[in-house]
Structures are given as structure tokens and as C-alpha cells.
Participant: 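First the structure, then my questions, so here it is.
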Amino acid sequence: MHCLDFTEDITLRKLKAPVSQTKEENWPIMKERLRQLIHGALEDAFRAGALTSNEIPEIQIEVPANSEHGDFASNIAMVMARAEKKAPVLIAGLLVEALKGSELFMRVEVAGPGFINFTLTPSCWFEVLEQIHAQGPNYGTSNVGQGRRVQVEFVSANPTGPLHIGHGRGAAIGDAVSQLLAKVGYDVCREYYINDAGNQVVLLGRSILQRARELQGQQVDFPEDGYQGQYIYDIAKAFLNEQKDLTSLSEDEKIKLCIGFGVQYVLNWLTRDLEAFGVHFDNWYSEQSLYDNALVEKELAKLQDLGLTYEKEGALWFRTTDYGDDKDRVLVRSDGSPTYFASDVAYHMVKFERGFETLIDVWGADHHGYVPRMKAVLAGLGHAPEDLEILMIQMVNLLRAGKPVAMGKRSGEFVSLREVIDEVGRDACRFFFLMRRSDSQLDFDLELAKQKSAENPVYYVQYAHARVCSINRNAKELGVHLPENGKCATENLHLDEELAITKLLARYPDTVVGAALNYEPHRIVYYLQELASQFHSYYNRFRVLTDEVNESLGRLYLVNSVRIVLENALNLLGVTAPEQM
RNA sequence: GCGCCAGUAGCUCAGUUGGACAGAGCAGCGGCCUUCUAAGCCGUCGGUCGAGGGUUCGAAUCCUUCCUGGCGCGCCA
């Protein structure tokens, strides 16, 4: 039985990660403590005969959406109702009576159809603030990844022209996913795959050569499918400056020279633009090197040995239909030349051989048709489907004040990533790319991204950080120093708003884990907006620095906890946390 | 024709992996600057979660059929 259901695999967007069981994170630990308490109460109930099923199902603890439902809630009574043949509310009532005693809780109660709601004491929560100050930049770090090696391959744009806006979204997401995974304890390698072999670069070489001839005043016919962009002239000019005499060379040799020059030229360009975007790679992997080192041959031979291929009409085929693809795919053409698929298969096989346990590919959504064959390759080689995760990045619609910006691909005149960065700035650009989940299309409004107003979510969040810094400057002038002793400081926090902010801060590490394991950086964006919103609201209602010294110290401690988390989260997304705006 | 992604408030989108009365921003309307940055805050209006059926204590979320939009179905990359 080879057949796999790929619709399942694709929607299964999870890393194989152990359930979070980290040591000092308040949040998971709190859930675990609750779980044990409930477990104990159930055992007691069985022993006393109050409950009879003698089976304890998985105990789910969740954070209710509505804070009126407490800090945590469990549905255990409803889950057990059937086996117990009792109303959920009855079972819940029984458990509540048993749990009421614990000093952790301010309240334990039955609610709704049979939920048990738990509310912890404030002092329990305020310990989180001490933890934030103690850990600083490391607050939010965890070890769910346990050092497992993950490779994230992203951007990987052909070295034949400038990066466009779509590559930018891929870059922002690939980088953020990498940072998230590193943050939760994976050993992450960021890689750029350079398609420097094959027709695309030959075409680049020919385009450059013809433009060079034009520049020398020769009459030429430009290749019909050549690269039309203006930038080819720039490359040709640079090429002419460097090459003295080509006359002795054959046409093929000339093209070859142009390819080498052009690819290097464009790569320098890509590196520079990505650098300007704050994205760097641990490794640049050349497709051509796969051929130069005979790795394509070697890996194809392995596939043949495994009986995964066959020959038909002079070509070599991969039997991908055995693993859920709708047709078999050609690896080597009838003229003996390998397809792009061949090197891509070899590349992915080599990735595993290099020791990566999980591979993440970030692709443009227009390549989604390619997913089944790539998954098929893995299945054929005995890998689990989730060893390769393919993130589809949907299109970006570039707008200017609500109106679409025209992008004519044919003429080669499209809006480049560089232009957008130059216009709206790196921070806004990154933030916007990460605002939506990657598999939904993104409207990117240049005017909005530039706007310095509340409508612009980037500024909204950054402003919150700058405001705390401003308070710190004022505090310094007043001679008020951030308390060393967090316990004393938090004893001065009494407001509901302060407790609510603290609970939100406590949720940060869990949010990071969730975002990382699901490859969803946008969750961090939403978290940031929520935190900034609560802070702005608090700031407007209450003064931090008042006549009351102890009160000021407590509040200063709190808002600086907010500042630390804002900075950590922004940095995770590659966005700066300004001290002044 | 087949496949993938989406369909939630006027617009752009979230929705903690099946939980409690469906949320936010923008737009609209009405308020707040001699006090730590108004790049901010507060209030108000707004939804048959594309439609039907199913699964169960419980569905925007899972299954199924249909409708609409985007993308993809090369011995191109």
C-alpha cells in the first residue's frame, strides 16, 4: 500500500514536537499543576465511589477566550458525562468541591454547560513580571525543539533579475519562521538555493550578450523570451567594462562568460537587497554544484536502485503516482539532459544527508502544483510526509491609496522589493508582510505603510515601546529607578488593568511556541497589537509616575515588563523597537 | 475536467487545533490634549461565519454535496 492521502498531509501543519513540558515557564507549568490536581481529585472520587467509570480521559486545560470565565478552564466533566451516565454539571460540581481547598485558586466554579473555571490569585500572576525582568531578552525562549536540526529554505529566487515584492513576503516569512524556531529550541539553518544551472541562466547570458552588442552599436535581434528588463543593460555595461577582447571566443564561450558574470552580478545585488531587508542566510547552495560534484547522478542512481524509476520513450521517469501524484514525472529527458525536477530531488535528498531532520521550503503559491511530486519523492525514500513542510506564500497585491499598482511582467517592469523598502522603510515592509497568514492573499498599501498615524499598525506597536522609553527618561530625571526587587514592586499593583496586562504578558511564551510549531508568524503580530492596545489604554487612564512613590515603582516595573516583551516580539519579526518616535 | 488555497461586520482580516453570548482594525457617528509623546484614548453603530446536509454534550472550526473568487495542471524553471 503506497498510496498516501496528500490532502491530509498538506493540512497537517505541525512539526513533530514533544508537548511543551518546559521547566520555568509559568504558563505550561500552571496548566500542568492544574492537570495534576484534577487527576488527583478524580482518583479520590473513584475511591470514594462518587464516580464509577474508573477511567480518566485526557484532561484538557485551556485559556478561555472570555476573561470572565477565569484564567483556565477544563471541559473534563463534559467529556466524562457519557461514561459516567451523569450530567456534566453534577460531575463538575463534585470536582469543584474537591479542588476548592488549593491555595493557588482565588475561585473555582462550575459554569455554562459543565466547564470548570479556575481563577488564580493575583500574587501568583505577578510572579511572571519578576520572571520577565530576570530573563530579559530571553523571556519567551523555550526548548520544545530540543536542538533538532531544521533547515528553512526560502527566497531562492532565480539569479536572473531583481527581487520583487512576492520574494519579499517569502523573505519576511522565511526569516520570521526561522527566528521563531530558533527561539523555541531548534537548530535552524537558513538556506538560499541558487538556480544557477539550466535554461534560465543561459537565457540571462544570451540577453546580456545581445545587450552588450547593442551597446557597441551592433544590430542584433534580441532573444524573444529573453529578459526584457532595463537592468540587463546595466549588467551588459559592467560586463563590457571588465572584458577586453572577446573576438577570439566562440559564441558558446561568450555566452558562458556572460552567464558567469551575470549570475555573480545579480547575486551581489540580491545579497545587498536582502541585507537591506535585514535577512541573512547561513548558506547559499548552488544548483550547479550538484552537477559539478556529480550529486545529481549519484542520487538518481539511488532512486533507480530503489526501483522508483523506469524508462519510457527514451526518458527516465520517477514513479510519483505510486505516492499520490497525478502523473509520473520526467527526471532525464530523452535527449539525456536532466530536468529541473532531477536536481531538485537530488537537492532534497542531499539535505537529509546533511543531517537535517525537518525541511521547510517556502514557495510562492504559484508552485503549489509541485507539492505532490515533492512529497512523493519523500514518501518513496521512506520519509514521513511531515519531514518536509512546504509553506505556500500567497500573492501580494500592491496598492497605492487603495488602488492597485500595475505590474507588467512582460515588459520586465515590476515593482522591486528594493523600491518598496526604500519607500516605506524596512520595519513597515516587514510588518506588513507578516500581518496575514501566509496562505491568504495580502493587500499591501504603500500609502498606509508610510502613514504616521494610528491607522498604521506598525507605528501603533512601535509607539507603545517608545512611550515606555519616554516614561523611563522622565523617571530618570525624577530620580526614580526601576526597582531591583520585583516582589516589593508588584505588591503595589492593585488595578484590574494591571492584572490583565500581566496575564497577557504571561501568555507570550506560549504564543511563541504556537507560532513556531505552526509556522505562523502572524500570531506574533496579533499578539503585539493586543499588547500595545492594552498598554495604550492603561497609559491613557493612569499615570505611571505619580506623587505616590511605591505606586510609581510598581507601575514602572509593570510597564517595563511590557517594554521587554514588545521588544522581544518585534525583534522576532525583524522589526526594530525604537526608543523615541 | 482535475487539484490546491480562500469565502466571517460596508472594507481588510483574526478566531488559542471542537468549547461558553463570533472578535479586532479601518470606514461611519459622538466625545477626550495647561499632567509621563494625541503616531494615543473612550463611547456607539454593524454579522443567517458563502448555501444545504451530516458527525456530537457542543461546529466558523471535522466529513459531504453544491455556489463564488484566485492559482496551478510541460521531457519549462
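Keep in mind that this is a model prediction, so the values were computed, not measured. The sequence lines fix the lettering, A, B, ..., with proteins before strands; numbering per chain opens at 1.
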Participant: Using the C1' atom as the point on both nucleotides, what is the distance between C26(B) and C33(B), in whole Å?
Facilitator: 24 Å
Participant: Across the strands shown, which category fits A111(A) at heavy-atom distances under 4.0 angstrom: base, sugar-phosphate, nothing?
Facilitator: base
Participant: Whole Å only: how far is the CG atom of L90(A) from the P atom of C57(B)?
Facilitator: 17 Å
Participant: What integer number of Å spans the P atoms of A59(B) and G19(B)?
Facilitator: 11 Å
Participant: What is the distance, rounded to the nearest whole Å, between atom CG of L528(A) and atom P of C13(B)?
Facilitator: 20 Å
Participant: Counting just side-chain N and O atoms, does Y460(A) come under 4.0 Å of either OP1 or OP2 of A24(B)?
Facilitator: no
Participant: Please tell me whether S53(A) and E84(A) have a donor and an acceptor in their side chains that are separated by less than 3.5 angstrom.
Facilitator: yes
Participant: Given atom CZ of R437(A) and atom P of A24(B), what is their separation to the nearest angstrom?
Facilitator: 20 Å
Participant: Quick one: L442(A) CG to C5(B) C1', roughly how many Å, whole number?
Facilitator: 15 Å
Participant: Quick check for you: among C13(B), A38(B), A20(B), whose closest atom lies nearest to any side-chain atom of Y539(A)?
Facilitator: A38(B)
Participant: What pair of heavy atoms forms the shortest contact from R169(A) to Q394(A), and how long is it?
Facilitator: NH1-O, 2.8 Å
Participant: Taking the P atom of each, how far is C49(B) from U61(B), in whole Å?
Facilitator: 10 Å
Participant: Rounded to the nearest 0.5 Å, what separation is found between the CD atom of E191(A) and the OG atom of S156(A)?
Facilitator: 8.0 Å
Participant: Among the candidates U35(B), A20(B), A38(B), find the nucleotide nearest to the side-chain atoms of R543(A).
Facilitator: U35(B)
Participant: Verify the distance criterion only: is there a donor paired with an acceptor across the side chains of Y526(A) and E520(A) at less than 3.5 Å?
Facilitator: no
Participant: Could you give the distance separating A60(B) and G72(B) at their P atoms, to the nearest angstrom?
Facilitator: 34 Å
Participant: If the C1' atom of G50(B) is compared with that of G43(B), how far apart are they to the nearest Å?
Facilitator: 33 Å
Participant: Taking atom C1' in both G15(B) and A20(B), compute the distance separating them and give it to the nearest angstrom.
Facilitator: 14 Å
Participant: Taking it one step at a time, do Q200(A) and Y340(A) satisfy side-chain hydrogen bond (donor to acceptor under 3.5 Å, both in side chains)?
Facilitator: CA-CA 11 Å; Q200(A) 300 298 317; Y340(A) 173 79; over 6 Å; no
Participant: How would you summarise protein contacts on nucleotides 69-76 of chain B per nucleotide, using B for base, S for sugar-phosphate only and - for none, with heavy-atom distances below 4.0 Å?
Facilitator: -SBSSSBS
Participant: Within this structure, what is the CG-to-P distance between L399(A) and C11(B), rounded to whole angstrom?
Facilitator: 15 Å
Participant: Just checking N117(A): base, sugar-phosphate only, or nothing, at a heavy-atom cut-off of under 4.0 Å?
Facilitator: base
Participant: Check the distance between C57(B)'s P and Q60(A)'s CD and give it to me in whole angstrom.
Facilitator: 15 Å
Participant: For the pair D445(A) and R400(A), find out whether any cationic side-chain nitrogen is under 4.0 Å from an anionic carboxylate oxygen.
Facilitator: no
Participant: Considering non-hydrogen atoms only, spot the tightest contact between A475(A) and L545(A) and give its length.
Facilitator: N-CD1, 3.7 Å
Participant: With a 4.0 Å heavy-atom cut-off, tell me which residues in residues 550-565 of chain A come close to RNA chain B, sorted by residue number.
Facilitator: none
Participant: Within the 3.5 Å criterion, strictly below it, is a donor on R333(A) or S337(A) matched to an acceptor on the partner's side chain?
Facilitator: yes
Participant: In whole angstroms, how far is the C1' atom of G15(B) from the OH atom of Y527(A)?
Facilitator: 17 Å
Participant: Y193(A) near the nucleic acid: base, sugar-phosphate alone, or nothing, with a heavy-atom cut-off under 4.0 Å?
Facilitator: nothing
Participant: Looking at every heavy atom in both Q60(A) and S74(A), which two are closest together, and how far apart are they?
Facilitator: O-OG, 3.0 Å
Participant: How long is the line joining CZ of R436(A) and C1' of C26(B), in whole Å?
Facilitator: 10 Å
Participant: For RNA chain B, report each stem as range with range, ordered by first number, or say none. Use Watson-Crick or G-U wobble pairs under 3.5 Å, at least 3 in a row.
Facilitator: B:1-7 with B:67-73, B:10-13 with B:23-26, B:28-32 with B:40-44, B:50-54 with B:62-66
Participant: Show me the protein contacts with nucleotides 42-48 of chain B, counting only N or O atoms at under 3.5 Å.
Facilitator:
{"from": "C42(B)", "atom 1": "OP1", "to": "S537(A)", "atom 2": "OG", "distance (Å)": "3.0"}

Participant: Does C49(B) count as syn, meaning its glycosidic angle lies within 90° of 0, or as anti?
Facilitator: anti
Participant: What nucleotide, of G19(B), U35(B), A6(B), holds the atom closest to the side chain of M78(A)?
Facilitator: G19(B)
Participant: Checking all strands, does A87(A) fall into the base, sugar-phosphate, or nothing category for heavy-atom contacts under 4.0 angstrom?
Facilitator: nothing
Participant: Ignoring hydrogens and angles, write down the donor-acceptor pairs under 3.5 Å from the side chains of residues 308-319 of chain A, residues two or more places apart or on other chains.
Facilitator:
{"from": "Y310(A)", "atom 1": "OH", "to": "D328(A)", "atom 2": "OD2", "distance (Å)": "2.7"}
{"from": "W317(A)", "atom 1": "NE1", "to": "K312(A)", "atom 2": "O", "distance (Å)": "3.2"}

Participant: Distance between the P atoms of U16(B) and G52(B), in whole angstroms?
Facilitator: 23 Å
Participant: From L90(A) CG over to L94(A) CG, what is the distance, rounded to the nearest 0.5 angstrom?
Facilitator: 8.0 Å
Participant: Rounded to the nearest 0.5 Å, how far does CE of M435(A) lie from CG of L528(A)?
Facilitator: 12.5 Å
Participant: Ring centroids only, cut at 6.0 angstrom: are F118(A) and F72(A) within range, meaning strictly under it?
Facilitator: no
Participant: Given U16(B), C41(B), A6(B), which nucleotide is nearest the side-chain atoms of D439(A)?
Facilitator: A6(B)
Participant: Are more than 12 heavy atoms from other residues, nucleotides or ligands located less than 6.0 Å from atom CG of D335(A)?
Facilitator: yes
Participant: Exactly one of L482(A), V544(A), L556(A) should register a side chain to side chain contact (heavy atoms under 4.5 Å, CB included) with N472(A). Which one does?
Facilitator: L556(A)
Participant: Does OP1 or OP2 of G19(B) have a side-chain N or O of S74(A) closer than 4.0 Å?
Facilitator: no
Participant: Looking at R523(A), does any N or O in its side chain come under 4.0 Å of the phosphate oxygens OP1/OP2 on U16(B)?
Facilitator: no
Participant: State, to 0.1 Å, how close A176(A) and L434(A) come at their nearest heavy-atom pair, and which atoms those are.
Facilitator: CB-CD2, 4.0 Å
Participant: Could you tell me how far C63(B) sits from U56(B) if I compare only their P atoms? Round to whole Å.
Facilitator: 15 Å
Participant: Does the pair R555(A)/E498(A) count as a salt bridge with the N-to-O cut at 4.0 Å?
Facilitator: yes
Participant: Can you check whether H536(A) has a side-chain N or O nearer than 4.0 Å to OP1 or OP2 of G25(B)?
Facilitator: no
Participant: Once you round to the nearest 0.5 Å, how far does CG of L517(A) lie from OH of Y519(A)?
Facilitator: 7.5 Å
Participant: Do Y285(A) and Y192(A) have their ring centres less than 6.0 Å from each other?
Facilitator: no
Participant: Please work out if A464(A) contacts a base, only the sugar-phosphate, or nothing of the nucleic acid, heavy-atom cut-off 4.0 Å.
Facilitator: nothing
Participant: Quick one: which protein N/O atoms are closer than 3.5 Å to N/O atoms of nucleotides 29-34 of chain B? Pair and distance per line, please.
Facilitator:
none

Participant: For the side chain of N195(A), counting heavy atoms from C-beta on, which of G15(B), A77(B), C41(B) is nearest?
Facilitator: A77(B)
Participant: What contact category does N158(A) fall into here, base, sugar-phosphate, or nothing, at under 4.0 angstrom with non-hydrogen atoms?
Facilitator: sugar-phosphate
Participant: D427(A) and T576(A): side-chain donor and acceptor closer than 3.5 Å?
Facilitator: yes
